[in-house]
Amino acid sequence: MTSLPADDATCGWYHLSRRRTPRPVAFGEVRAPWVVVGAGYVGLAAARQLAMNFPNDEIVLVEAQEVGFGTAGRNAGFAIDLPHDIGAADYIGDLGTANLVLKLNKLGQTYLKDIVDLYGIDCQMRASGKYQAAVEERGIAVLDAYRGGLDRLGQPYEVIEGKDLPDHIGTGFYKKALFTPGTMLVQPSALVKGLADTLPANVTLYEHTPITGVSYGPQIVLTHATGRIVADKLILANNGFGMAFGFLKDRMLPVFTYASLTRPLSEEEQARLGGRDFWGLIPADPAGTTLRRTHDNRMLVRNSFSYHPGGISNPRERAIAARRHRRSFERRFPMLAGVPFEYTWGGAIVMSRNHESQFGELAPNVYGALCCNGLGITRGTATGVLLADWLAGRRGEVIDFLLASPGPNRNPPHPFLDIGVNVNLAWAQHKAGLES
């Protein structure tokens, strides 16, 4: 393996979620019919569903870091139901495809909610909806186009004019917003920790066990620092790191985005802010700023992007992002100027140029659900469940839809790819203007 996960240690979600004792490192030789690599949303869902579908089989789930520390615990915590095709003028695109994506995302939402309710997982999951807001005319045009797409799809929304937004989010910065009620907000690190600690009895989870080599054949042999794991069937649920296992090479783009989280607001600061006590907002421009007010009255700001082919960010980019976060925060919330950030961190979203994911067989006895294109909570969960169902012989329109995908398309060669991606990211952030 030429690339292993190595996330920064400054993720606020991780540090503010419930402490847990990680499962032991794998040691010696382990054999199992099924081995899943990656304990994020896809891997946790796939392992759980495999255990349900094959109750007499041992399922091994391997995580390179600690559950909740990596990418799955670093996103903004939006479990979104609606399709969001940024390549389409109205963000919906083909209606048949959009309806299948809606079913896929709702499957992921329902699956997660049922587990959270069943086991009482404390992850602040709330069906609070989301705002999508704009401050410039170009962003308002996006919202107007999206309204048309939602009308075609038959999905509810509410238009909120700028003068009314302070009653919702406490700031008059934005000129217009669309509120859609179907999104759930969560504390992502707390969610994945809870999912890991409630796995069925026939799932064995190993943490802090990065795979350093793999041999493919009638059986798959995974080597690591303290032994090896021998699998009859291997499921890759490690997103961009699937390229290190020899699949989809030069087809996925690990793009990092960055977030900062304030300390809790005092009662006096909460009164100055006003608005609702729990909400989430995404920008009309994809390169703009995402915001949240959390269950414990912290404010989250997420923006800034950088491209790292090896899947590892660096402290310099994080420091640059923190300065952008401060500017964005104080533009939107001048009444909270001076409220410090306690945490700033980065996390990867893995994209493809054609916005397609990979689902199904990768090689004999090797399967994967990879490249969620930034929708890991819902889409990742759903594809993990459906991959396990497909391996159990089940079919349906959503599984057939996933199997029919052409998968991520090939990228240009290095260094042209690196130059092109970085230039495009810089231009997108500049073009976002006040939306950033």
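A quick note: this is a predicted structure, and the numbers were derived from the prediction, not measured.
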Polar contact flag, side-chain donor to acceptor under 3.5 angstrom, N303-S328: yes

Backbone N/O of D250 and side chain of N411: donor-acceptor pair under 3.5 Å: yes

R292 side chain vs L300 backbone, donor-acceptor pair below 3.5 Å: no

Check: E207 side chain, R23 main-chain N or O, donor-acceptor pair, under 3.5 Å: yes

Test item: N99 side-chain N/O and L95 main-chain N/O as donor-acceptor pair under 3.5 Å: yes

Donor-acceptor side-chain pairing of S189 and R74 below 3.5 angstrom: no

Heavy atoms from other residues, nucleotides or ligands near NE2 of H430 exceed 12 (cutoff 6.0 Å): no

Side-chain donor or acceptor of T257 paired with backbone N/O of S304 under 3.5 Å: yes

Plane angle bin for W390 and Y367 - parallel if under 30°, tilted between 30 and 60°, otherwise perpendicular: perpendicular

Pair Y174, R332: side-chain N/O donor-acceptor within cut-off below 3.5 Å: yes

Note, S215 side chain near R228 side chain (heavy atom, < 4.5 Å): no

Sub-4.5 Å side-chain heavy-atom contact between M299 and F329: yes

From CA spacing to verdict: salt bridge (charged side-chain N to carboxylate O under 4.0 Å, His left out), K193, E66: CA-CA 9 Å; K193 287 179 181 182; E66 181 183 328; 5.1 Å; no

Proximity of W34 and F54 rings by center, below 6.0 Å: yes

Check against salt bridge (charged side-chain N to carboxylate O under 4.0 Å, His left out), R20 and D197: CA-CA 9 Å; R20 60 183 285 277; D197 288 343; 3.1 Å; yes

Residue pair D389 / N53, side-chain donor-acceptor N/O under 3.5 Å: yes

Atom of V203, atom of L199 and distance for their closest heavy-atom approach: CG1-CD1, 3.8 Å

Check: N297/R293 side-chain N/O donor and acceptor closer than 3.5 Å: yes

Heavy-atom pair of closest approach, residues L205 and A196: CD2-CB, 4.0 Å

Min side-chain heavy-atom separation V186-I377 under 4.5 Å: yes

Side-chain donor/acceptor of T171 to backbone N/O of F173, under 3.5 Å: yes

Side chains of N409 and E356, donor plus acceptor under 3.5 Å: no

Test side-chain contact (heavy atoms from CB on, under 4.5 Å) applied to I211 and L222, V35, N238, L4, the passing residue: L222

Residues T378 and Q109: side-chain donor-acceptor under 3.5 angstrom: no

Heavy-atom donor-acceptor pair, T290 side chain to A76 backbone, under 3.5 Å: no

Side chain proximity check, L425 to W427, heavy atoms < 4.5 angstrom: no

Minimum heavy-atom distance between C372 and G380, given as atom pair plus value: SG-CA, 3.7 Å

Side chains of M243 and L370 in contact at under 4.5 Å (non-hydrogen atoms): no

Minimum side-chain heavy-atom gap V221-V214 below 4.5 Å: no

R31/E29 ion pair, N-O < 4.0 Å: yes

Test item: side-chain donor near acceptor, T209 and E63, under 3.5 Å: no

E269 side-chain N/O to S266 backbone N/O, donor-acceptor pair under 3.5 Å: yes

P33 vs E58 side-chain heavy atoms within contact, under 4.5 Å: yes

Heavy-atom closest contact (Y41 atom, G376 atom, distance): CB-O, 3.4 Å

R48 and T198: CA distance, side-chain angles, deciding distance, side-chain hydrogen bond (donor to acceptor under 3.5 Å, both in side chains) verdict: CA-CA 9 Å; R48 184 183 298 271; T198 57; 3.0 Å; yes

Validation row: Q155, T180 side chains within 4.5 angstrom (heavy atoms): no

Over-ring placement of R126 relative to F278, 6.0 Å and 45° cut-offs: yes

Sidechain N-carboxylate O distance under 4.0 Å for R395, D400: yes

Donor-acceptor side-chain pairing of H308 and S306 below 3.5 angstrom: yes

CA sep, side-chain torsions, deciding dist, call: F256, Y307, ring pair (Phe, Tyr, Trp, His ring centres under 6.0 Å): CA-CA 6 Å; F256 276 71; Y307 171 60; 9.6 Å; no

Stepwise side-chain contact (heavy atoms from CB on, under 4.5 Å) test for L402 and L100: CA-CA 9 Å; L402 293 169; L100 288 168; over 6 Å; no

Q124 side chain to T294 backbone, donor-acceptor under 3.5 Å: no

Closest non-hydrogen atom pair between P200 and M52, with its separation: CG-SD, 4.3 Å

Side chain N105, main chain D81, donor-acceptor under 3.5 Å: yes

Aromatic ring proximity, centroids under 6.0 angstrom, H168 and Y131: yes

F333 vs L273, side-chain contact (heavy atoms from CB on, under 4.5 Å): CA-CA, chis, key distance, verdict: CA-CA 8 Å; F333 304 107; L273 172 61; 3.6 Å; yes

Exercise: identify the closest heavy-atom pair between A39 and L44: O-CD1, 3.6 Å

